[in-house]
Amino acid sequence: MFRSEMTTTSVKRHAQTPSLRVVDAVAAETDTDPTELTPLGTVLDTDALDALVSSAGDLSVNFEYEGYRISIGSDDQLALEPLPEEI
């Protein structure tokens with residue numbers, strides 16, 4: 001199912017690691033069990049993502065995962081934007 005709108009959430013700091021927040025957000029958005037998604041660690045270095053996003057400063061990390069453009073920042077904002085369907 002293709003969704004055209006962007007989803008943005010704010011999560012309480014340190015409730016979960018940034019990498020787990022990404023997986024949980026994509027699972028919720030796609031109504032999929034998180035264990036059925038591609039392991040995030042095969043897409044990027046989850047330790048590096050967690051360290052970057054948890055660091056002090058104004059920072060945003062952007063990448064593609066499971067058909068979404070993900071933006072996650074040190075301000076606890078997490079945005080999911082559906083990628084255009086390939087023809």
Side-chain angles (χ1 to χ4, degrees):
M1 174 191 237
F2 178 74
R3 297 178 185 211
S4 61
E5 67 273 354
M6 181 188 306
T7 302
T8 303
T9 61
S10 181
V11 184
K12 181 181 175 188
R13 185 171 278 296
H14 305 297
Q16 290 182 307
T17 62
S19 57
L20 286 177
R21 287 188 292 174
V22 167
V23 172
D24 285 348
V26 171
E29 185 71 17
T30 61
D31 195 28
T32 304
D33 186 293
T35 62
E36 294 179 17
L37 297 174
T38 302
L40 186 58
T42 64
V43 176
L44 53 74
D45 183 333
T46 55
D47 290 335
L49 174 67
D50 294 343
L52 280 170
V53 174
S54 298
S55 67
D58 188 21
L59 168 73
S60 180
V61 177
N62 302 288
F63 58 94
E64 294 178 2
Y65 175 63
E66 290 288 334
Y68 288 88
R69 181 167 293 110
I70 310 293
S71 178
I72 184 167
S74 56
D75 60 358
D76 286 337
Q77 291 296 312
L78 172 62
L80 303 161
E81 181 180 1
L83 294 172
E85 289 185 31
E86 294 183 26
I87 297 175

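For the single chain, residues carry numbers from 1 onward in sequence order.
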- prompt: Mind checking what makes side chain to side chain donor-acceptor pair (under 3.5 Å) contact with Asp45, not counting sequence neighbours?
  reply: none
Pairing residues for Thr35 by the side chain to side chain contact (heavy atoms under 4.5 Å, CB included) criterion, not counting sequence neighbours: Asp33
- line: All heavy atoms of Ile72 vs all of Leu49, minimum pair found to be CG2-CD1, 4.0 Å
field: Main-chain N/O of Leu59 paired with Ser74 side-chain donor or acceptor, under 3.5 Å
entry: yes
message: Rounded to the nearest 0.5 Å, what separates atom CD in Glu29 from atom CG in Asp24?
response: 13.0 Å
query: With a 3.5 Å cut-off and no angle check, do the side chains of Glu66 and Thr38 form a donor-acceptor pair?
result: yes
query: Does any non-hydrogen side-chain atom of Arg21 lie less than 4.5 Å from one of Val53?
result: yes
Single-linkage hydrophobic cluster Val22~Leu20, side-chain heavy atoms < 4.5 angstrom: no
- prompt: For the atom pair CG (Leu80) and CD1 (Ile70), what is the distance rounded to the nearest 0.5 Å?
  reply: 4.5 Å
message: For Leu52, is there any backbone N or O sitting under 3.5 Å from a side-chain donor or acceptor partner on Ser55?
response: yes
- prompt: Which residues pass the side chain to side chain contact (heavy atoms under 4.5 Å, CB included) test with Thr46, sequence neighbours left out?
  reply: Ser19, Leu40, Leu44
- prompt: Of all heavy-atom pairs between Val43 and Glu64, which one has the smallest distance, and what is that distance?
  reply: CG1-O, 3.6 Å
